[in-house]
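Down below is the structure, laid out as structure tokens.
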Amino acid sequence: MIPRSSLVKPDCIRLIVEWPSNWLVARTCLQNQRPAAETPDKWTSGNIGWGLGWMLYDWNGVSVFGHDGATIGQNSYLRVVPGCGVAVALLANGGNTDLLQSALFRELFKELAGASMPDAVFEPAPYPPAVDIKPFVGTYKRQGVVMTVTERNGMLHLLYEIFDGRQIPSPPLEITLSPVSETVFAGAGIGQDWIPVVFSTLADGSVYCYIGMRAAPKIA
């Protein structure tokens with residue numbers, strides 16, 4: 001495990017780039033970069049799927065892997081182009097960090113690796129499709145978060161509540177969801193950017209709601 005305080009050091013970047021030769025045999029390293037699962041949400045981080053622990057990206061034919069992280073007041077981003085030996089990490093603690101990451105990484109990887117990041121803009125559909133929303137109504141819960149999805153005037157409405165033990169909890173977020181496809185919806189709180197809200201049904205019939213790359217099972 002790498003101490004958080006050391007993540008800003010250049011040694012950390014060199015560690016990631018040289019990881020295959022220093023820590024892992026070639027076969028294991030390749031498994032990390034091979035698709036192991038698709039992600040229903042292809043917009044939040046722009047990845048097409050997951051390897052064994054890594055987010056996997058296709059930047060207009062260039063294979064890229066990496067990972068993002070977020071907690072209260074902190075965001076982190078890592079992207080690696082293994083074919084060029086180029087890795088860039090960004091740690092930020094204020095402002096629109098996603099916008100900063102997109103602008104900075106786009107410029108750096110174009111210059112250093114000749115890789116063009118695809119646009120990952122997410123917006124509501126200009127003409128929302130007709131969707132059966134009844135299967136998505138209910139309560140979804142994951143650690144520290146409860147999401148209540150109801151129907152209002154033919155539209156899905158989501159109440160996002162955080163229960164993480166803080167003395168002063170965050171105020172609940174209310175979002176009206178506009179359909180983009182049969183399972184993907186666009187939602188935005190007051191003064192916020194559009195975010196994807198994705199519903200997925202597993203083979204056993206279990207329904208999940210994905211927000212911010214995190215899945216919450218339907219419990220009621």
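Within the 4.5 Å cutoff, no side-chain heavy atoms of S63 are placed close to those of Q33. When side chains are defined from C-beta on, W50 counts as touching M55, because their heavy atoms get closer than 4.5 Å. By the 4.5 Å heavy-atom criterion applied to side chains, V197 and L158 are counted as neighbours. L90 places a side-chain heavy atom less than 4.5 Å from the side chain of L100. Residues W43 and V184 meet the side-chain proximity criterion, which asks for heavy atoms closer than 4.5 Å. Looking only at side-chain heavy atoms (C-beta outward), E161 and V145 stay at 4.5 Å or farther from each other.
Taking CG of L99 as the reference point, atom CG of L104 lies at 11.0 Å (rounded to 0.5 Å). Here OG1 of T39 is found 10.5 Å from CD1 of I48. Values are rounded to the nearest 0.5 Å. For the atom pair CG of N75 and CG of D98, the computed distance is 6.5 Å after rounding to the nearest 0.5 Å. The distance from the CD1 atom of I211 to the SG atom of C209 is 4.5 Å, given to the nearest 0.5 Å. The structure places CH2 of W54 at 10.5 Å from CZ of R79, a figure rounded to the nearest 0.5 Å. Rounding to the nearest 0.5 angstrom, the gap separating the NZ atom in K42 from the CG atom in D58 is 12.0 Å.
Cluster partners of M155: none. The rule joins Ile, Leu, Val, Met, Phe, Trp and Tyr whenever side-chain heavy atoms lie under 4.5 Å apart, and it links nothing here.
Residues W194 and F185 do not share a hydrophobic cluster, defined by chaining ILVMFWY side chains whose heavy atoms lie under 4.5 Å apart. If you chain together hydrophobic residues whose side chains sit under 4.5 Å apart, I219 and I162 never meet in one group.
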Problem set entry | Evaluation steps, side-chain contact (heavy atoms from CB on, under 4.5 Å), between V80 and Y57 | CA-CA 10 Å; V80 181; Y57 303 82; over 6 Å; no
For this session: Dump the intermediate steps for side-chain contact (heavy atoms from CB on, under 4.5 Å) on Y77 and T97, then the final yes or no.
Result: CA-CA 9 Å; Y77 308 85; T97 58; 2.8 Å; yes
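Scored by the salt bridge (Lys or Arg N to Asp or Glu O under 4.0 Å) test, E107 finds no partners at all (sequence neighbours excluded). Among residues two or more places apart in sequence or in another chain, the side chain to side chain contact (heavy atoms under 4.5 Å, CB included) test is passed with S76 by L91. In this view, F109 and W59, F105 satisfy the ring pair (Phe, Tyr, Trp, His ring centres under 6.0 Å) rule, not counting sequence neighbours.
D41 and G212 make their closest contact through OD2-N, 4.3 Å (heavy atoms, listed as atom of the first residue, atom of the second, distance). When all heavy atoms of A188 and D193 are compared, the closest pair comes out as CB-O, 3.7 Å. T44 and P196 make their closest contact through OG1-CG, 3.6 Å (heavy atoms, listed as atom of the first residue, atom of the second, distance). Smallest separation of non-hydrogen atoms from V86 and L112: CG2-O, 3.9 Å. Nearest heavy atoms, A115 versus V62: CB-CG1, 4.2 Å.
The backbone N or O of Q74 lies less than 3.5 Å from no partner atom in the side chain of T71, so there is not a single donor-acceptor pair. The main-chain N or O of N47 is never found under 3.5 Å from a side-chain atom of S45 such that the two would form a donor-acceptor pair.
For residues 202-220, the pairs satisfying side chain to side chain donor-acceptor pair (under 3.5 Å) are D204-S206, with sequence neighbours left out.
Under 3.5 Å, the side chains of H157 and E174 contain a donor-acceptor pair of N or O atoms. For N60 and S116, the side-chain atoms include no donor-acceptor pair closer than 3.5 Å.
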N/O donor to acceptor pairs below 3.5 angstrom from side-chain atoms of residues 117-142, sequence neighbours left out:
{"from": "D132", "atom 1": "OD1", "to": "K134", "atom 2": "N", "distance (Å)": "3.3"}
{"from": "Y140", "atom 1": "OH", "to": "F136", "atom 2": "O", "distance (Å)": "2.8"}
{"from": "R142", "atom 1": "NH2", "to": "Y160", "atom 2": "OH", "distance (Å)": "3.0"}

